[in-house]
Amino acid sequence: MKESEIFINQIGYNPLDRKNVVVSASDKGDAKEFSVCRKIDGADNDKVVFSGALTAAPEDEQSGPGYFTGDFSAVKEDGEYYICIDSGAGKKRSFDFKISEDIYAGVALSTLKYFTDSRCGQGICHTGIAEVYGTGEKKNVQGGWHDAGDYGRYIVAGTKTVMDLLLAYKKCPEKFAGFDLLAEVRFELEWMLQMQRDDGAVYHKISCYHFCAFIMPQEEKEQLVLAPVSTAATADFAGCLAYAAGFYKAEGPAQDKAFSEKLLAAALKAQNYLFSHDDELYINPPEITTGGYGDRDVRDERYFALCALFAATGDLNYLNHAIKLREDKKQDKPDPKHPWNNGWQEGFGWPFVSGYGTEILLEVSAGDYSANGADPSALPAELLTEIKSGIIRQAEKYLAIANASAFHYCSYFVFWGSNGAICDLSHIMLMAYDLTGRKEFREAAKAQIDYILGCNPVNYCYVTGEGTKSPIYPHHRPSGASGHVYPGMLSGGPCAGLMDAYAKEHLAGRSPLKCYADAEPSYSTNEVAIYWNSAFVYVLARVR
């Protein structure tokens, strides 16, 4: 039977969630309404518990034309359901979904366990001594999470991941019951400490010189190499470790004073290096062809580091330098080629980390760091006003985009890693919700979770092993090599740029949100990454 184009969150909903269904025009047919059917004992005994009107959804370039939507938020009773439509050409139904309290507990735990599954060394892999590129030196670096579909370990990617997880834990510690998040994060931090040079600078990444074939990690035996140091890596390291130190201090959740002090000392050492060195922008040397994670503007990385160190130490010198960087970037001239990076904006992507620094400043303003000496009164009132108004202004932009989308997709752009990107934009909307209490910001953020879990034009739950229809051919070496799809991985999702050969051949001419292929070769639409998972974890923890 042909799969119906009736799109819902395939996991389900909490009873009080806003609940929407989207239907294609072809499957709607002549129907004016939809029905919510509760599963009882079998198809013959299923019960219609709600009927609602189908109305034309907004037309947007990303989704393409021809969608209708209906609201069934009134259905709140625990149970298993599906949506049914009588199109005039026969009845059609959606995938099943459930309504229950904490419906997302399973998918939340699955996406967290992905980090444990991604630990380097779990399969006794990558135990060789690394070469320090271009020096003849050797260094033993062990541990950390494998980054994505490959086995590289990258400081900028790891930093974003750790920050997402720690911010989620700080906001909602109760949502991590049954999973020792701080122990998992510590595994990555222990690796990051090994990536620091004696002078405080931090190597950009460790990998082999080239990507390997689709083999298991323990089968990758090529020479490991430490790529040159970079400002992005050193600043991210400083900000991340300074922030993390607070979670492990004597009165912190993990209560390891010595480890906390070690993290802060390493962060201070990295910042001292940054103070005495101009920007060192990373570009892969010609001999290294693994992921570059280059960044042409590292003011936001420096800002993040300074904000975190001000919070951790109370030293006003860090705050003053951070404010100067913020003011400098606000003077940038518009760049039509990069409209998401004009002037000052709060960012939560691996190349745009300003949001982490700003969120830390808001924590200081709330008195979270007073015991460490970071005085909330040291923050200029005009700075806080500008920060808050800027966050709200950004969030209103994303809210407007979501409201004009058939699937409530909150971005104008559908690029590599789009599923992680909409979680990062949701992060900003949730900050605005914290500042204003406006429920529409939280609802728009929750709508991105609905989109990821199945309410999207390709009818995929984008988390492996979840929902009725999820990716089974991710661009992920352990999955491909073992023939077993690892669960809990967020696929990168649609990429309108058609950046790999498979996408170019199979997806040309589709609307942007349909530019997805569940195919191992399609790295630009079906790869996975630790920092997409972490962004999803943050939003899910905040809205579930």
Side-chain angles (χ1 to χ4, degrees), residues 147-148 150 152-165 167 192 195 202-205 207 227-240 243 270 274 279-284 290-308 322 325-326 328-330 332 334-360 394 398 411-428 490 492-493 495 497 499 523-524 527-536 538:
D147 174 62
D150 64 288
R153 287 158 285 164
Y154 309 84
I155 288 289
V156 296
T159 288
K160 172 183 166 38
T161 305
V162 168
M163 290 302 299
D164 287 339
L165 296 176
L167 286 169
M192 292 178 75
M195 294 290 286
V202 177
Y203 297 109
H204 195 76
K205 62 176 177 176
S207 68
V229 302
S230 72
T231 298
T234 304
D236 277 349
F237 174 100
C240 180
Y243 186 71
L274 293 168
D279 290 348
E280 296 170 286
L281 304 182
Y282 184 79
I283 299 175
N284 262 344
T290 53
Y293 287 99
D295 194 338
R296 66 193 185 116
D297 185 345
V298 292
R299 287 173 292 178
D300 54 305
E301 282 80 9
R302 286 182 178 269
Y303 167 84
F304 162 47
L306 291 161
C307 291
L325 283 169
R326 188 180 180 99
D328 177 60
K329 191 165 176 58
K330 282 165 61 179
D332 283 359
D335 180 356
K337 293 183 179 179
H338 301 92
W340 55 86
N341 193 29
N342 290 327
W344 185 269
Q345 294 189 61
E346 307 302 349
F348 291 96
W350 65 259
F352 311 113
V353 297
S354 52
Y356 298 112
T358 296
E359 192 154 3
I360 290 170
Q394 271 186 256
Y398 307 141
S411 175
Y412 281 137
F413 305 103
V414 183
F415 46 80
W416 195 343
S418 61
N419 284 341
I422 59 174
C423 291
D424 292 335
L425 300 185
S426 296
H427 193 141
I428 296 169
L490 177 63
C495 177
M499 298 177 71
Y523 55 81
S524 67
E527 191 167 10
V528 300
I530 54 173
Y531 51 90
W532 298 335
N533 256 60
S534 64
F536 178 78
Y538 176 87

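Here, residue 1 is the first one in the sequence, and each next residue gets the next number. Since the structure is predicted, the reported quantities are computational estimates derived from the model, not experimental observations.
- In this structure, Val162 and Tyr243 have side chains that are not in contact, with every pair of non-hydrogen atoms separated by 4.5 Å or more.
- The nearest pair of heavy atoms linking Ser411 to Ile422 is CB-CG2, 4.3 Å.
- Contact check for Arg302 versus Thr231: side-chain heavy atoms found under the 4.5 Å cut-off.
- The two residues Gly420 and Ala535 make their nearest non-hydrogen contact at O-CB, 4.0 Å.
- For the residue pair Ser207/Tyr154, the side-chain donor-acceptor check at 3.5 Å is not satisfied.
- Side-chain atoms of Trp344 and Ser354, non-hydrogen and from C-beta on, do get closer than 4.5 Å to each other.
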Verify side-chain contact (heavy atoms from CB on, under 4.5 Å) between Tyr538 and Leu167, making sure each step is shown before the conclusion. CA-CA 7 Å; Tyr538 176 87; Leu167 286 169; 3.9 Å; yes

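- Shown here are the salt bridge (charged side-chain N to carboxylate O under 4.0 Å, His left out) partners of Arg153, two or more places apart in sequence or in another chain: there are none.
- To the nearest 0.5 Å, atoms CG (Leu425) and CZ (Phe413) are separated by 10.0 Å.
- Taking Phe348 as the reference, Tyr356, His427 meet the ring pair (Phe, Tyr, Trp, His ring centres under 6.0 Å) condition, with sequence neighbours excluded.
- Scanning both residues, Ala305 and Ala235, for their nearest heavy atoms gives CB-O, 3.4 Å.
- Pairs passing the salt bridge (charged side-chain N to carboxylate O under 4.0 Å, His left out) check and including a residue from residues 411-427, sequence neighbours excluded, read Lys160-Asp424.
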Decide side-chain contact (heavy atoms from CB on, under 4.5 Å) for Gln345 and Phe352; before the verdict, give the C-alpha distance in whole Å, the side-chain angles of both, and the deciding distance to 0.1 Å. CA-CA 9 Å; Gln345 294 189 61; Phe352 311 113; over 6 Å; no

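- Taking the side chain as every heavy atom from C-beta outward, Leu281 and Asp295 never approach each other to under 4.5 Å.
- How far CZ of Arg296 is from CD1 of Ile283: 12.5 Å, rounded to the nearest 0.5 Å.
- Between Ser524 and Cys495 the shortest heavy-atom distance is O-CB, 3.2 Å.
- For residues 346-358, the salt bridge (charged side-chain N to carboxylate O under 4.0 Å, His left out) pairs, not counting sequence neighbours, are Arg326-Glu346.
- The aromatic rings of Tyr293 and Tyr531 stand perpendicular to each other, their planes meeting at an angle above 60°, with 30° marking the opposite boundary.
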Using the rule given for side-chain contact (heavy atoms from CB on, under 4.5 Å), can you reason through Glu527 versus Asp150, listing the C-alpha separation, both sets of side-chain angles and the distance that settles it, and then say yes or no? CA-CA 9 Å; Glu527 191 167 10; Asp150 64 288; 4.0 Å; yes

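- Here the closest heavy-atom approach between residue Gly493 and residue Asn419 is recorded as CA-ND2, 3.4 Å.
- Thr161 is not listed as a side-chain neighbour of Trp350, based on a closest heavy-atom distance of 4.5 Å or more.
- Between the side chains of Thr159 and Asp236, not a single donor N or O lies within less than 3.5 Å of an accepting N or O.
- Partners of Phe237 under the ring pair (Phe, Tyr, Trp, His ring centres under 6.0 Å) rule, at least two apart in sequence or in another chain, do not exist in this structure.
- Qualifying ring pair (Phe, Tyr, Trp, His ring centres under 6.0 Å) partners for Phe536, counting only residues two or more places apart in sequence or in other chains: none.
- At least one donor-acceptor pair under 3.5 Å links the side chain of His204 to the backbone N or O of Gly292.
- Taking all atoms of both residues into account, the shortest heavy-atom contact from Asn284 to Thr290 is ND2-O, 2.6 Å.
- Counting only heavy atoms from C-beta outward, the side chains of Tyr282 and Lys205 approach each other to under 4.5 Å.
- Side-chain contact check for Met163 versus Ile360: some heavy-atom pair is nearer than 4.5 Å.
- Between Arg299 and Asp332, at least one side-chain N (NZ, or NE/NH1/NH2) sits under 4.0 Å from a carboxylate O, which counts as a salt bridge.
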Start with the C-alpha gap between Lys329 and Asp297, add the side-chain angles, then the distance that decides, and say whether side-chain contact (heavy atoms from CB on, under 4.5 Å) holds. CA-CA 10 Å; Lys329 191 165 176 58; Asp297 185 345; 3.0 Å; yes

